Amino acid sequence: MSTFNIAVIKGDGIGPEVTASAMNVLTKIGERFNHKFNFTESVCGGCAYDKYGEPLPKESLDICLASDSVLLGAVGGPQYDNLPYELRPERALLGVRKAMQLYANLRPAKMFEALKSVCPLKNPKNIDIMVVRELIGGIYFGEKGVRDGKMGREGYDVMAYGELEIERICRTAFELAQKRRGKVSSVDKANVLKTSGVWRKVVHEIHEDYPDVQLEDVLVDNMAMQLVREPSQFDVVVTGNLFGDILSDLASQCVGSIGILPSASINETTRGLYEPIHGSAPTIAGKNIANPIATILSAAMMLKYAFNLMEEGDAIESAVEKTLNSGARTADLREEGHEVLGTREMTDLIIKNI
Ligand code: NAD
């Protein structure tokens, strides 16, 4: 029997409900495939601020750093909106990502056949995109501040990318493409930004090591258009932090609800952070109506990427697909003629299908 130690950040809002679902699913996988998953809670986010006066206490970070991988629900809520920047719940996330050096954020946007009708696009073809977003560099981490400028108060944020940062994220993208359909679309704004000019050069230099992968450059404004026009043309999309933040949300909406989309934040080691792309959805928290699928699929990504348990990860994905095919829906996927299940009931059905 193999044992895996997982740090669990339940976080705020619907976080505790959806992480409970994912933990139950992992426990079922452990029973079926003879693995032991040990869960240790790491208190982070708004709840950590309430309890300890800071969003990422050292002890919580140490639990993450000592684990084999981290499962996260979501952090944040309106009661924390007016806190100073360094005490906001989101700082916990940035802190964990930075401390674990998780530079690659993988966000798959895959269309479930059963959910084609909730897709906002008119004629969705098979959408299966993997957005690879650089996560710990670029404008979000550059020098920033407010100063007196010619036009009055002036806010500034510096965007910079170094060769090595670009190299490691695009290697992640090329290697993923080799296991998928062999195409990488690199997104930049090279017609205007110096940062993008260097980005594009480095991506092409590294591409020489991956002759089996097709590479195209797409300007970010065109990418936004193409994602809505014909998302099925994309396989792996690699881009920087800011563009990736926006485009991955856009890609996710092409396949339906935010409640079904997982993500992984990884580096070259096996340890990573696995979380749904949605936030803490405070208005539906504690009501047993949140969709647990995004967090359950994040657990499936953890099995595959962190623990190399491919069959086990596939078992979760198939169970989710089977459950959706049977017509079960949570409130966010509500469709006429379909029974609406609560968070716990949906989780139980998925577990039954494993
Ligand atoms: P959100 O993702 O929490 O909610 C957006 C909309 O989607 C809401 O209508 C919500 O009810 C719905 N929704 C989200 N997840 C759902 C689920 N699993 N099932 C059903 N419906 C779901 O985004 P927001 O409202 O912009 O942010 C709320 C809080 O979450 C804010 O404090 C924000 O800072 C935080 N946030 C956290 C993360 C994170 O922890 N990674 C990410 C985004 C936002």
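Remember, predicted model here, so these are calculated numbers, not experimental data.
Pairing each heavy atom of Pro282 with each of Gly77, the nearest pair is CG-CA, 4.5 Å. The nearest pair of heavy atoms linking Ile277 to Pro262 is CG2-O, 3.6 Å. Minimum heavy-atom separation, Arg271 to Met100: CG-CE, 3.6 Å. Counting all heavy atoms, side chain and backbone alike, Ser2 lies closest to His35 at OG-ND1, 2.7 Å. Between Ala251 and Val131, the shortest heavy-atom distance links the atoms CB-CG2, 4.2 Å.
Within the 4.5 Å cutoff, the side chain of Val236 has no heavy atoms near those of the Lys183 side chain. Between Tyr140 and Leu242, some side-chain heavy-atom pair lies under the 4.5 Å cut-off. Considering only heavy atoms from C-beta on, Ile260 comes within 4.5 Å of Asn291 through its side chain. With a 4.5 Å cut-off on side-chain heavy atoms, Ser298 and Ser263 do not count as touching. Using a 4.5 Å heavy-atom threshold, the side chains of Cys44 and Ile9 count as touching. Under the 4.5 Å side-chain criterion, counting only non-hydrogen atoms from C-beta, Tyr274 is in contact with Ser69. Taking 4.5 Å as the limit, some side-chain heavy atom of Leu193 sits within range of a side-chain heavy atom of Met159. At least one side-chain heavy atom of Leu71 sits under 4.5 Å from a side-chain heavy atom of Met302.
When atom types are taken as modelled, the side chain of Ser280 and the backbone of Gly76 share a donor-acceptor pair closer than 3.5 angstrom. Judged by distance alone, with hydrogens and angles left aside, the side-chain atoms of Asp157 form no donor-acceptor pair with the main-chain N or O of Gly145 at under 3.5 Å. Judged by distance alone, the side chain of His338 and the main-chain N or O of Gly327 form a donor-acceptor pair under 3.5 Å. Of the possible donor and acceptor atoms, none in the side chain of Glu134 sits under 3.5 Å from a partner among the backbone N and O of Ala104. Side chain of Thr343 to main chain of Ala290: a donor-acceptor pair is present (N/O by atom type, distance under 3.5 Å, no hydrogens or angles). Side-chain atoms of Lys194 do not come within 3.5 Å of backbone N or O of Ala190 as any donor-acceptor pair. The backbone N or O of Asn5 sits less than 3.5 Å from a side-chain atom of Asp68, completing a donor-acceptor pair. Between the side chain of Thr19 and the backbone N or O of Gly15, at least one donor-acceptor pair lies under 3.5 Å. Thr239 places no side-chain N or O within donor-acceptor distance of the main-chain N or O of Arg133, the cut-off being under 3.5 Å. A donor-acceptor pair under 3.5 Å links the side-chain atoms of Arg181 to the main chain of Asp128, judged by distance alone.
Of the N and O atoms on the side chains of Tyr49 and Asp12, not one donor lies less than 3.5 Å from an acceptor on the other residue.
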Handout entry: Evaluation steps, side chain to side chain contact (heavy atoms under 4.5 Å, CB included), between Met223 and Leu247
Key = CA-CA 8 Å; Met223 186 67 189; Leu247 293 175; 3.7 Å; yes

Exercise for the section: May I have the step-by-step check of salt bridge (Lys or Arg N to Asp or Glu O under 4.0 Å) for Glu41 and Lys10, ending in yes or no? Expected result: CA-CA 7 Å; Glu41 186 175 352; Lys10 295 180 179 169; 3.6 Å; yes

Handout entry: salt bridge (Lys or Arg N to Asp or Glu O under 4.0 Å) assessment of Arg97 paired with Glu275
Key = CA-CA 12 Å; Arg97 288 171 183 162; Glu275 56 174 315; 3.3 Å; yes

Exercise for the section: Check step by step if side chain to side chain contact (heavy atoms under 4.5 Å, CB included) holds for Val132 and Val237. Expected result: CA-CA 6 Å; Val132 179; Val237 172; over 6 Å; no

Exercise for the section: Please lay out, stage by stage, how His204 and Asp217 fare under the test side chain to side chain donor-acceptor pair (under 3.5 Å). Expected result: CA-CA 9 Å; His204 280 266; Asp217 301 300; 2.7 Å; yes

Problem - salt bridge (Lys or Arg N to Asp or Glu O under 4.0 Å) between Glu167 and Arg171, worked out - result: CA-CA 6 Å; Glu167 175 177 342; Arg171 284 197 188 281; 3.0 Å; yes

Practice task
Take Lys125 and Glu230 through the salt bridge (Lys or Arg N to Asp or Glu O under 4.0 Å) test and state the conclusion after the steps.
Solution key: CA-CA 8 Å; Lys125 297 193 197 135; Glu230 203 187 330; 3.6 Å; yes

Problem - side chain to side chain contact (heavy atoms under 4.5 Å, CB included) evaluation trace for Leu341 with Leu349 - result: CA-CA 10 Å; Leu341 301 181; Leu349 203 51; 3.8 Å; yes

Handout entry: Trace of the side chain to side chain donor-acceptor pair (under 3.5 Å) decision for Asp212 with Gln178
Key = CA-CA 7 Å; Asp212 51 333; Gln178 284 177 323; 3.0 Å; yes

Problem - Full working for side chain to side chain donor-acceptor pair (under 3.5 Å) between Ser196 and Asp188 - result: CA-CA 5 Å; Ser196 288; Asp188 61 39; 4.8 Å; no

Practice task
Walk me through it: do Arg200 and Ser186 pass the test side chain to side chain contact (heavy atoms under 4.5 Å, CB included)?
Solution key: CA-CA 8 Å; Arg200 191 175 278 207; Ser186 169; over 6 Å; no

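Listed by first and then second residue, the side chain to side chain donor-acceptor pair (under 3.5 Å) pairs involving residues 345-354 are Ser21-Thr347, Asn288-Glu345, Thr323-Asn353 (not counting sequence neighbours). Pairs passing the ring pair (Phe, Tyr, Trp, His ring centres under 6.0 Å) check and including a residue from residues 155-198, sequence neighbours excluded, read Tyr161-Trp199, Phe174-His207, Phe174-Tyr210.
Atom CD of Glu216 sits in a crowded spot, with more than 12 heavy atoms from other residues, nucleotides or ligands closer than 6.0 Å. No more than 12 heavy-atom neighbours from other residues, nucleotides or ligands sit within 6.0 angstrom of CG on Asn82. Atom NZ of Lys144 is surrounded by more than 12 heavy atoms from other residues, nucleotides or ligands within 6.0 Å. For Lys116, the NZ atom is densely surrounded, since the number of other residues' heavy atoms within 6.0 Å is greater than 12.
No path of Ile, Leu, Val, Met, Phe, Trp and Tyr side chains, each step under 4.5 Å between heavy atoms, connects Met310 with Ile316, placing them in separate hydrophobic clusters. No path of Ile, Leu, Val, Met, Phe, Trp and Tyr side chains, each step under 4.5 Å between heavy atoms, connects Ile136 with Leu65, placing them in separate hydrophobic clusters. Residues Leu215 and Leu219 fall into different hydrophobic clusters, defined by Ile, Leu, Val, Met, Phe, Trp and Tyr side chains chained together at heavy-atom separations under 4.5 Å. With hydrophobic clusters built from ILVMFWY side chains whose heavy atoms lie under 4.5 angstrom apart, Leu333 shares a cluster with Leu297. In terms of hydrophobic clustering, with Ile, Leu, Val, Met, Phe, Trp and Tyr side chains grouped at heavy-atom distances under 4.5 Å, Leu56 and Leu87 are assigned to different clusters.
Note that Arg168 lies in the cation-pi zone of Tyr103, set by a 6.0 Å cut-off to the ring centre and a 45° limit from the axis. With Phe141 as the aromatic partner, Lys98 meets the cation-pi criteria of under 6.0 angstrom to the ring centre and within 45 degrees of the ring axis.
Every residue two or more places apart in sequence or in another chain that forms a ring pair (Phe, Tyr, Trp, His ring centres under 6.0 Å) with Phe307 is listed here: Phe4.
Between Arg91 and Glu54 there is no salt bridge, since no side-chain nitrogen of the basic residue lies less than 4.0 Å from a carboxylate oxygen of the acidic one. Comment: Arg147 engages Glu154 in a salt bridge, judged by a side-chain N to carboxylate O separation of less than 4.0 angstrom. Using a 4.0 Å cut-off between a side-chain N of Lys or Arg and a carboxylate O of Asp or Glu, Lys304 and Glu317 qualify as a salt bridge. Looking at Arg329 and Glu335, a side-chain N of the basic residue comes within less than 4.0 Å of a carboxylate O on the acidic one, giving a salt bridge.
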